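Inspection log for the structure reproduced underneath, given as structure tokens.
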Amino acid sequence: MEPRVPYHIAIIMDGNGRWGRQRGLSRSAGHKAGVENVRRLVKMCRQRGVKVLTLYAFSTENWSRPSDEVQTLMDLLVFWIRRDLTELKESGVRLAVLGHPERLPLLARQEVARAVRETSSNSELVLNVALNYGARAELVDAARQLAEEVRQGQIAPNEIDEAALGTRLDTAGLPDPDLLIRTGGELRLSNFLLWQVAYTELYFSPVLFPDFGEEELDLALAEYAGRQRRFGGLAAEEEGASAPCSD
């Protein structure tokens with residue numbers, strides 16, 4: 001039997017700056033190494049049959065970083081699109097964006113829009129890149145949209161349920177992640193996909209993102225394949241167990 005492969009993997013790409021510092025380089029050098037690994041990671045996931053890959057690239061909180069580091073991240077985004085767009089198109093990858101990319105600098109915004117447009121018909125792998133994204137802001141946006149729809153009489157308050165909210169999130173139309181990987185050794189979600197990962201399997205790797213290669217990815221996939229996903233229910237072997245008798 002083929003091992004179970006997650007349909008949707010989400011990754012918090014942590015540790016780029018530390019990777020640079022550990023090598024006596026700048027944090028920017030670490031971010032550049034991270035971009036190089038994104039190219040490899042997309043290829044690895046596609047080869048393994050993953051259908052959706054969501055990457056946490058730039059959070060709403062990242063604007064508080066030093067301005068030169070923020071500029072480096074924006075420059076690297078432009079560089080990555082210009083270099084890899086042809087390869088993404090030829091390999092069937094569709095680029096999508098979570099968050100508020102309209103608030104990015106003009107050049108980055110234009111390149112992101114171009115990449116989304118030119119890959120829109122691809123279906124081999126959906127590559128979601130979270131840019132200027134925060135899960136709490138996403139939920140606030142969805143709540144505001146629902147409130148406005150109620151105000152306009154388009155939906156009744158008692159019609160608002162989990163499905164209604166879910167269709168107003170940035171990930172509408174996509175399944176929730178099966179597996180969330182965080183590299184770099186930190187053990188937190190950092191305001192990433194808080195609604196969507198309610199029943200996602202979590203995997204925390206001590207490896208810094210630029211070094212998260214094939215071996216590390218396969219370890220995460222093997223860990224995932226060995227888990228039983230219950231979604232609040234019972235595992236198969238537990239379902240058949242008889243309940244204890246009372247006297």
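Index from 1, following the sequence. Computed from a predicted structure; not experimentally measured.
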For this session: Have a look at Asn128 and tell me which of Leu55, Leu193, Val52 forms a side-chain contact (heavy atoms from CB on, under 4.5 Å) with it.
Result: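 Result: among Leu55, Leu193, Val52, Val52 is the only option passing the side-chain contact (heavy atoms from CB on, under 4.5 Å) with Asn128.
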With rounding to the nearest 0.5 Å, note down the distance linking [atom1] in [X] to [atom2] in [Y].
X	Y	atom1	atom2	result
Ile181	Ile12	CD1	CD1	10.5 Å
Glu90	Glu124	CD	CD	13.5 Å
Thr54	Leu180	OG1	CG	9.5 Å
Glu111	Arg82	CD	CZ	4.5 Å
Phe212	Leu219	CZ	CG	8.0 Å
Arg229	Arg227	CZ	CZ	10.0 Å

Seminar exercise, completed: Residues passing the side chain to side chain contact (heavy atoms under 4.5 Å, CB included) test with Thr119, sequence neighbours excluded, are Leu85, Lys89, Arg94, Leu95, Asn122
Exercise. Taking NZ, NE, NH1 and NH2 as the nitrogens, is one of them in Glu138 or Arg168 under 4.0 Å from a carboxylate oxygen of the other?
Worked result: no
Exercise. Do the charged groups of Lys32 and Glu36 touch, with an N to O distance under 4.0 Å?
Worked result: no
If hydrophobic clusters are built by linking Ile, Leu, Val, Met, Phe, Trp and Tyr wherever their side-chain heavy atoms come under 4.5 Å apart, do [X] and [Y] end up in the same one?
X	Y	result
Met74	Val116	yes
Leu221	Leu125	yes
Val129	Leu189	no
Phe192	Leu131	no
Tyr56	Val112	no

[X] versus [Y], closest heavy-atom pair with distance:
X	Y	result
Val78	Ala108	CG2-CA, 3.7 Å
Arg114	Ile81	NH2-CG2, 4.4 Å
Leu217	Cys45	CD2-SG, 4.3 Å
Ala29	Trp19	O-CZ3, 4.2 Å
Asn16	Gly34	OD1-CA, 3.4 Å
Phe204	Leu202	CE1-CB, 3.9 Å

Would you say the side chain of [Y] lies within less than 4.5 Å of the side chain of [X], judging by non-hydrogen atoms?
X	Y	value
Val35	Leu77	no
Asn62	Tyr133	no
Val38	Met13	yes
Arg144	Glu148	no
Asp14	Phe209	no
Lys51	His8	no
Tyr7	Val50	no

Between [X] and [Y], is there a donor-acceptor pair closer than 3.5 Å when you use the side chain of the first and the backbone of the second?
X	Y	value
Arg18	Gly184	yes
Asn191	Ala135	yes
Thr200	Asp178	no
Glu87	Asp84	no

For this session: Tell me, with the steps shown, if Thr60 and Asn132 meet side-chain contact (heavy atoms from CB on, under 4.5 Å).
Result: CA-CA 5 Å; Thr60 51; Asn132 193 30; 3.7 Å; yes
For this session: Apply salt bridge (Lys or Arg N to Asp or Glu O under 4.0 Å) to Asp211 and Arg23, showing your working.
Result: CA-CA 13 Å; Asp211 291 330; Arg23 287 157 177 75; 3.1 Å; yes
[X] atom [atom1], neighbour heavy-atom count above 12 within 6.0 Å:
X	atom1	result
Arg136	CZ	no
Arg39	CZ	yes
Gln154	CD	yes
Glu215	CD	no

Exercise. Could you walk me through whether Ser205 and Glu216 pass the side-chain hydrogen bond (donor to acceptor under 3.5 Å, both in side chains) check?
Worked result: CA-CA 8 Å; Ser205 170; Glu216 288 73 26; over 6 Å; no
Exercise. Could you go step by step and tell me if Ile11 and Ile9 meet the side-chain contact (heavy atoms from CB on, under 4.5 Å) rule?
Worked result: CA-CA 7 Å; Ile11 301 181; Ile9 296 178; 3.8 Å; yes
For this session: Go through Gln145 and Asp141 one step at a time and tell me if the side-chain hydrogen bond (donor to acceptor under 3.5 Å, both in side chains) criterion holds.
Result: CA-CA 6 Å; Gln145 183 178 342; Asp141 287 345; over 6 Å; no
Problem set entry | Over-ring placement of Arg4 relative to Tyr224, 6.0 Å and 45° cut-offs |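 The answer is yes, since Arg4 meets both limits relative to Tyr224.
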Problem set entry | Audit row: Ser190, Arg182, side-chain hydrogen bond (donor to acceptor under 3.5 Å, both in side chains) steps and yes/no | CA-CA 10 Å; Ser190 296; Arg182 178 166 187 154; 2.7 Å; yes
For this session: Under the side-chain contact (heavy atoms from CB on, under 4.5 Å) rule, what do Arg103 and Arg109 come out as? Steps first, then yes or no, please.
Result: CA-CA 8 Å; Arg103 298 174 188 171; Arg109 194 164 68 242; over 6 Å; no
Exercise. With Glu214, which of Lys43, Arg40, Arg48 fulfils salt bridge (charged side-chain N to carboxylate O under 4.0 Å, His left out)?
Worked result: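 Per the salt bridge (charged side-chain N to carboxylate O under 4.0 Å, His left out) rule, the option paired with Glu214 is Arg48, out of Lys43, Arg40, Arg48.
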Exercise. Can you list the steps and then say if Leu165 with Trp195 is a side-chain contact (heavy atoms from CB on, under 4.5 Å)?
Worked result: CA-CA 10 Å; Leu165 194 147; Trp195 175 276; 4.0 Å; yes
